[in-house]
Amino acid sequence: MSQGRDNKGLSALGNKIPYSTEYAPEVLEAFENMHQENDYWVRFNCPEFTTLCPITGQPDFAEIRVSYIPDVKMVESKSLKLYLFSFRNHGDFHEDTVNTIMKDLIKLMDPKYIEVTGFFTPRGGISIFPYANYGRPGTKYETLAQQRFASHE
């Protein structure tokens with residue numbers, strides 16, 4: 001544990017928590033960024049993400065990547081794992097899933113910048129890789145979001 005980090009209010013960290021089988025944004029928890037004076041990237045990779053096709057009920061598999069530049073709050077990693085697991089029985093299209101994850105994390109943390117990419121495995125011979133990003137309006141991070149979006153492959 002990092003010296004000086006306050007874990008008050010974090011219920012998932014260090015505790016046995018049941019996995020939700022339904023979409024559960026309420027499990028997300030945040031803690032204070034101890035380095036608010038610095039701009040730096042935080043990246044999470046979830047290579048075993050699953051959700052359901054809302055039409056067929058078939059499972060969809062993906063790697064979800066979340067990258068962000070924190071401000072005051074940061075997402076606690078175990079709560080993020082529980083949150084991402086909650087999509088397991090949730091039916092949504094790939095693009096909706098990526099945008100939902102990004103919006104839930106914005107609501108939780110109010111980051112300076114965030115991007116979420118879903119690398120979904122092929123179904124019917126086609127892969128889908130939705131990408132969504134956000135930069136705080138009226139700041140250099142809004143410009144960063146525009147630049148990264150324009151250059152995204």
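Basis for what follows: all heavy atoms, side chains included, without hydrogens, waters or symmetry-related copies. Given the structure is predicted, the values throughout are model-derived calculations rather than measurements.
- Shortest non-hydrogen contact noted between Asp71 and Arg136 is OD2-NH1, 3.0 Å.
- Distance check: Ile101 CD1 to Asp96 CG gives 11.0 Å after rounding to the nearest 0.5 Å.
- Nearest approach of Ile64 to Gly118, heavy atoms of both residues: CD1-CA, 3.8 Å.
- Looking at every heavy atom in both residues, Val98 comes nearest to Val116 through CG1-O, 3.3 Å.
- Closest approach of Ser79 and Val27 over heavy atoms only: CB-O, 3.1 Å.
- The closest side-chain heavy-atom distance from Lys73 to Leu108 is not below 4.5 Å.
- Here the shortest heavy-atom pairing between Leu105 and Val75 reads CD2-CG2, 4.0 Å.
- In this structure, Pro47 and Asn45 approach most closely via the heavy-atom pair CD-O, 3.4 Å.
- None of Thr139, Asp39, Leu144 except one satisfies the side-chain contact (heavy atoms from CB on, under 4.5 Å) rule with Lys112; the exception is Asp39.
- Rounded to the nearest 0.5 Å, atoms CG (Leu84) and OG1 (Thr50) are 10.0 Å apart.
- Counting heavy atoms from C-beta on, the side chains of Arg123 and Thr56 come closer than 4.5 Å.
- The aromatic rings of Phe44 and Tyr68 sit parallel, their planes meeting at an angle under 30°, below the 60° perpendicular limit.
- Across Tyr134, Tyr141, Trp41, a single residue satisfies ring pair (Phe, Tyr, Trp, His ring centres under 6.0 Å) together with Tyr113, and that is Trp41.
- A distance of 10.5 Å separates OG in Ser77 from CD in Glu29, rounded to the nearest 0.5 Å.
- Ring geometry, Tyr40 versus His35: the interplanar angle exceeds 60°, so the pair is classed perpendicular (tilted spans 30 to 60°).
- Atom-to-atom distance recorded for Tyr83:OH and Tyr23:OH is 4.5 Å, nearest 0.5 angstrom.
- Taking the ring pair (Phe, Tyr, Trp, His ring centres under 6.0 Å) definition, one finds that Phe129 meets it with Phe119, sequence neighbours left out.
- Contact of the Met109 side chain with the Asn33 side chain is not registered, since no non-hydrogen atoms from C-beta on lie closer than 4.5 Å.
- With sequence neighbours excluded, no residue forms a side chain to side chain contact (heavy atoms under 4.5 Å, CB included) with Glu48.
- Within the model, atoms SG of Cys53 and CZ of Phe120 stand 11.0 Å from one another, a figure rounded to the nearest 0.5 Å.
- Under the 4.5 Å side-chain heavy-atom criterion for ILVMFWY residues, a single connected hydrophobic cluster contains both Leu80 and Val42.
- Cluster annotation: Val66 is connected to Phe85 through the hydrophobic network of ILVMFWY side chains, with a link wherever side-chain heavy atoms come within less than 4.5 Å.
- Rounding to the nearest 0.5 angstrom, the gap separating the CG atom in Asp60 from the CG atom in Leu52 is 7.5 Å.
- The backbone N or O of Ala145 lies less than 3.5 Å from a partner atom in the side chain of Asn133, making a donor-acceptor pair.
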